[in-house]
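Shown next, in structure tokens, is the structure this report addresses.
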Amino acid sequence: MSRHQQQQQRPQHEPIKYGDVFPTEGELAGKTVAPRDAAMMQTAENEMLGHIQKGGAAATMQSAAMRNERAGFVGHNDVTDDAGDRGVSITETDLPGKRLIVESVAGQVVDQFSQRAPLAAATLFEEGGGGRGQGDAITIGEALESTVMTAGSKPVEQSDAAAIQAEVRATGRTNVVPRGVAAAAQSAATLNARTTRDEDKTKLADVLANATSKLPTDKAVTRRDAEGVTGAEMGNNPDLTTHPAGVAASMAAAARLNLNK
């Protein structure tokens, strides 16, 4: 039984501290888990992973902070000095076939786990760039096309349609281009919602193939573009997550490569 489970089962006569739920040492181990600490970790997980990791640091911190607040040990806007001064962070390291995620509070590791790494859009851009030089930026159209390789067989859902409206960012317009990629994606999502069998649904490959040629204009993917697409995909998914190899993932990979160049 974990320390966190033991803490949940006994009456709370004292606040839950970092040392009760994480393998921390020193001053941090004796600090009470506060609501704003948990909120910072939630934000970090959302930005890195696109969702709150089940059983991860943010979920554990949120549970502990809520218990501490209900017991009157902390206020809703309280933050520990360690987390407030040194912050929380999440880092990822790419390994063969997986990526290692490490979560830290005030410089101390509180959780780490690995995730399977699907065929990443970044790899496709690097290995199949079609003669792209090192100085050439990846465009929104190209990022959309790369999703065909990573998640082309996925049925189009509302979250995908919302993300594909990156077409608006590419063209600089304020509305979706009639008969364009985004319009086709929205129509597919609406039709798919009424279709029972997955094999009968329109797939991402059906609407994103040759996306570049369907855009009136195109532009290089920026970090702001990637963040906007990620927010749109998450905001239209009931689970508030993004597909690990979907449109948002392709845009994020393109933005990172463009930034590195």
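- Within the 4.5 Å cutoff, no side-chain heavy atoms of Val105 are placed close to those of Thr24.
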May I have the list of side-chain donor-acceptor pairs in residues 202-210 shorter than 3.5 Å, sequence neighbours left out?
from, atom 1, to, atom 2, distance (Å)
Lys203, NZ, Asp198, O, 2.9
Lys203, NZ, Lys201, O, 2.8
Asp206, OD2, Lys203, N, 2.8

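- In this structure, Asn68 contributes its side chain and Val33 its backbone to a donor-acceptor pair below 3.5 Å.
- Partners of Arg197 by side-chain contact (heavy atoms from CB on, under 4.5 Å), not counting sequence neighbours, listed by chain and number: Glu199, Asp200.
- Within the structure, salt bridge (charged side-chain N to carboxylate O under 4.0 Å, His left out) contacts touching residues 38-60 (residues at least two apart or in different chains) do not occur.
- Residue pairs meeting the side-chain hydrogen bond (donor to acceptor under 3.5 Å, both in side chains) criterion with at least one member in residues 73-86, sequence neighbours excluded: Lys31-Asp82, Asp37-Thr80, Glu69-His76.
- Here salt bridge (charged side-chain N to carboxylate O under 4.0 Å, His left out) pairs that include residues 145-166, with residues two or more places apart or in two chains, are Lys154-Glu157, Lys154-Asp160.
- For Ala220, the side-chain contact (heavy atoms from CB on, under 4.5 Å) criterion is met by Ala137, Asn258, not counting sequence neighbours.
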Check residues 224-232 and write down every donor-acceptor pair under 3.5 Å in which the side-chain atom is one partner and the other belongs to a residue at least two apart or another chain.
from, atom 1, to, atom 2, distance (Å)
Asp225, OD1, Arg169, NH1, 3.4
Asp225, OD2, Lys219, NZ, 2.5
Asp225, OD2, Thr222, N, 3.0
Asp225, OD2, Thr222, OG1, 3.0
Glu227, OE2, Arg223, NE, 3.1
Thr230, OG1, Ala226, O, 2.9

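- Within the structure, every pair that satisfies the side-chain hydrogen bond (donor to acceptor under 3.5 Å, both in side chains) test and touches residues 181-195, not counting sequence neighbours, is listed here: Gln158-Gln186, Gln186-Thr190.
- Annotation: side-chain hydrogen bond (donor to acceptor under 3.5 Å, both in side chains) contacts involving residues 100-112, sequence neighbours excluded, are absent.
- With Thr241 contributing its side chain and Asn237 its backbone, the two residues share no donor-acceptor pair below 3.5 Å.
- The side-chain hydrogen bond (donor to acceptor under 3.5 Å, both in side chains) test with Thr139 singles out one residue from Asp218, Thr217, Thr212, and that residue is Asp218.
- Taking the side chain as every heavy atom from C-beta outward, Met234 and His51 never approach each other to under 4.5 Å.
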